[in-house]
Structures are given as C-alpha cells and as structure tokens.
Amino acid sequence: MSEKSRKRWQRRPGTTGGKLPWNDWRNASTWRKATQWLLLAINIYIGVTFYYWVRYYETGGSSLYVPRPGGIEGWLPIAGLMNLRYTLETGTLPPVHAAAMLLLVAFMLIGLLLKKSFCSWLCPVGTLSELIADVGKKLFSRNFSLPRWLDIPLRGLKYLLLAFFLYISLSMPAQGIQYFLMSAYGIIIDVKMLDFFRNIGTVTLLSVALLVVISLFIRNAWCRYLCPYGALLGLLSLLSPFKIRRNAQSCIDCGKCAKNCPSRIPVDKLIQVRTVECTGCMTCVESCPVASTLTFSLHTPTGKAETRRGTLSGMAMTLLVLGILFTLIAFAMLMGIWDSPVPEQLYFRLIPEARTIGH
C-alpha cells in the first residue's frame, strides 16, 4: 500500500477488517437482520392465524375464530399481477384480492427505488435461505460457488419462470380476470395455497428437500437461480437511482467487498454496481475498512472535497423499506380494500369444499 493510501485509510467505526459486527446498532447489518427477523415473525403470525381462520370455516364455526390476516395476500403474486393488469386496463380497483395487488406494487416500488432490497431486507424466503447457508458454512467451513459456465445459464432459469408467470397472469383480458377471480377458485385461491402445503405431494416434498440441501452448499440458491419474484424486482432495480458506488481514489484494493458479497459481484472492480443481482444488502459497504469508500447512494463523487448526498445508512434503509410497505397497507385499509368483501356464508360453503374446487 502506498503512503498516500495509508494516509487515506480511516477505519470505519465498528468494522473489524471485513468481519461483520452484527451487534452494533450503527451498522447496516444490524438494521437488516432486525428488519428480516421482524418480517419473518410477521409472516409466521400471518401463517398461523390464517390456518386457524380456515379451520373455523372447515369446522362449520365450531373451532376458534380469528380474523383473516390481510397480509396473506402477499403470498398471492399471480393474483396480484392479474389484478394489476385489471386495474391498469379498467382504471378501477379489483373486486377481490386487491391487497395482493397493492402489496405487489409496494414491493415493485421498493425495487424501483432501492434495488432488490425486498429480497435481502423483507422476504422471509430470503431470510430462511440465508439461515440455511449460514448453517452450511458452519458445517463445511465455507459456502461453494458454481463455475461461471454453469452459473450464468442457471441464473437464466428464473427469467424463464418469470416469463411463464407473466404470460399466464397478463395474457387474460380484464373481463376474463374478473370472471376468474370472482369464481369459486379465485375467491379462495389463498385457501388453495394453504392446501398445497398441507397436502404436499411426494415429488414436491423431495424437491423442497433437495433445494434445502443445495442451499447448504450454495448461498441463496433459490433466490439466485429460481425465484421469479426476484427476477422481476431485479429488472426493475436497473432503474433504481440508488446504487452501490465505489470511490476509486480512496479504495485500497483489499477485495473484501467482493469476497463478502453474497451475490458474488466483483464490487472491487466496479465504480457503480448496476447488475440485477445486487440486493442492496450493504454487506460490501460493511466489509470495507476505509470510511466512505463504498456507499449505497445517489451519485458518484468526483472530487475529494465533494459532499456525499443521498447516502443511505442501515437505519435509513429500514425506515424506507418498511415505510413504503406499511404506507401501502395503510392506504389499502383507508380505502377499505385490505379485506376482500366476501360474505361469510360464501366462505362457509366454499372453504370446506376447497380440495375439490378446481379439480
């Protein structure tokens, strides 16, 4: 390292030379982990309460009643896409599962503004994938990477899945979408999703088990290769004004940012990270030992004395991602569309027959 570089080196407060300290409230990693655990807890609560809500109607009202959690709509991305198409074509909100559309819009807005941060800050599947990879790293002392000739074509699989889901979601005209979602199947599509997991087939179960095993070795295998949701948000993230940016003048070329990047992006070779694989997790920023060399910000500094505007901290990221999400939820509640206006008598009739509907 040159003497000039030595003078520029100012260790970031709380860093440990690339080993991320997750117990310092100032660090983005601390805020991200807290946000991930919050959303995971919320989704577990949603899943449990939704199960009891379904059981109430399956038992004819003889079991415990809990209100239907509107957040279950976040697990209906296809209904969200269909309703988005319906709203754009008709200019009116959909009659059922409008919350699925608004949650999808919230996630898309986060992608447009803050890269694919939904995947690394909010998504419970992403959180579980990280936990599995951490277990694998403890068991095998490392995570593994596929060779480039195999990694690149496998990453294309999620875009093929995205194209398939976009086709089946958006090829139907508005009238057809309304007819489908107002049908018996469309009204209880959330219950059908629950039944899929309650009565999971052998092939599906083996596929999930295989994916878990692969995720022990390859970090975020589902997210990197198969998730169509991540593919959509990755494409939207190309328009994000916020990007990971590197100050080449103060960079000491230690390579810790690239080494610690969970998406295996060569951050140390880039001035701006534009790739669709960046999830805005800020791990690279936390890994950098030189203050203000890596930032998640709006612009690239051009001079030593230039003031950095629009640089996001971990606290700001948490406030933004949660702010966008809960603002859309509050809007849905104020508009009276957070819950679909389905008569209780219809639920009593349809939910007990859910397994036969659509067969």
Side-chain angles (χ1 to χ4, degrees), residues 15-22 27-30 32-33 35-37 39-40 115-162 203-235 237 244 246 253-270 273-289 294 296:
T15 61
T16 55
K19 194 172 184 180
L20 302 184
W22 289 344
N27 294 325
S29 52
T30 301
R32 188 171 76 88
K33 289 294 181 183
T35 307
Q36 284 181 305
W37 282 106
L39 266 293
L40 182 60
K115 299 293 289 183
K116 255 192 340 182
S117 53
F118 167 81
C119 302
S120 60
W121 290 74
L122 298 179
C123 179
V125 177
T127 300
L128 293 175
S129 183
E130 286 188 25
L131 291 174
I132 294 170
D134 289 340
V135 171
K137 191 171 184 178
K138 289 181 179 179
L139 291 175
F140 309 110
S141 301
R142 56 169 294 193
N143 294 129
F144 298 84
S145 301
L146 294 180
R148 185 177 176 83
W149 61 267
L150 183 58
D151 176 67
I152 292 177
L154 284 180
R155 274 190 272 159
L157 291 176
K158 61 179 178 282
Y159 296 102
L160 292 177
L161 290 171
L162 172 63
V203 174
T204 304
L205 186 60
L206 289 174
S207 299
V208 172
L210 178 61
L211 184 61
V212 170
V213 172
I214 292 173
S215 298
L216 287 170
F217 297 93
I218 302 174
R219 179 171 287 272
N220 298 332
W222 162 260
C223 310
R224 187 171 181 85
Y225 300 121
L226 294 172
C227 181
Y229 222 138
L232 173 63
L233 298 179
L235 293 175
S237 75
I244 298 295
R246 182 176 67 92
D253 298 318
C254 65
K256 290 175 180 176
C257 52
K259 180 181 178 181
N260 287 290
C261 175
S263 298
R264 303 199 292 279
I265 301 169
V267 183
D268 57 335
K269 301 294 190 294
L270 304 171
V273 178
R274 299 178 181 273
T275 174
V276 294
E277 299 299 328
C278 177
T279 65
C281 67
M282 299 176 72
T283 302
C284 59
V285 176
E286 294 287 288
S287 302
C288 181
L294 276 179
F296 192 31

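Remember, it's a predicted structure, so these values are computed and weren't measured experimentally. Along the sequence shown, residues carry numbers from 1.
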When rounded to the nearest 0.5 angstrom, what is the spacing between [atom1] in [X] and [atom2] in [Y]?
| X | Y | atom1 | atom2 | result |
| --- | --- | --- | --- | --- |
| Leu235 | Leu162 | CG | CG | 6.5 Å |
| Gln36 | Cys123 | CD | SG | 9.5 Å |
| Met282 | Ser120 | CE | OG | 10.0 Å |
| Asn220 | Arg264 | CG | CZ | 9.0 Å |
| Leu294 | Leu270 | CG | CG | 10.0 Å |
| Ile244 | Cys278 | CD1 | SG | 5.0 Å |

**OP:** Please step through side chain to side chain contact (heavy atoms under 4.5 Å, CB included) for the pair Tyr225 and Lys158, ending with a clear verdict.
**Re:** CA-CA 6 Å; Tyr225 300 121; Lys158 61 179 178 282; 6.0 Å; no
Closest non-hydrogen atom pair, [X] against [Y]:
| X | Y | value |
| --- | --- | --- |
| Trp222 | Pro228 | CZ2-CD, 4.3 Å |
| Ala258 | Pro266 | CB-CA, 4.1 Å |
| Gly280 | Phe296 | CA-CZ, 4.3 Å |
| Ala221 | Ser129 | N-OG, 4.2 Å |
| Glu286 | Asn27 | OE1-CB, 2.8 Å |
| Arg32 | Trp121 | CA-CZ3, 3.4 Å |

Subject >> Donor-acceptor under 3.5 Å (Ser237 side chain, Gly234 main chain) >> reply: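 Present.
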**OP:** Measure from the side-chain N and O atoms of Thr275 to the backbone N and O of Glu277, and report whether any donor-acceptor pair falls under 3.5 Å.
**Re:**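 Answer holds: yes.
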**OP:** State which residues pass salt bridge (Lys or Arg N to Asp or Glu O under 4.0 Å) with Arg224; sequence neighbours excluded, sorted by chain then number.
**Re:** Asp151
Would you list the atom pairs, donor with acceptor, under 3.5 Å between side chains in residues 211-219 and any protein atom, with sequence neighbours excluded?
residue: Ser215; atom: OG; partner: Leu211; partner atom: O; Å: 2.8
residue: Arg219; atom: NE; partner: Asn143; partner atom: OD1; Å: 3.4
residue: Arg219; atom: NH2; partner: Asp134; partner atom: OD1; Å: 2.7
residue: Arg219; atom: NH2; partner: Asn143; partner atom: OD1; Å: 3.4

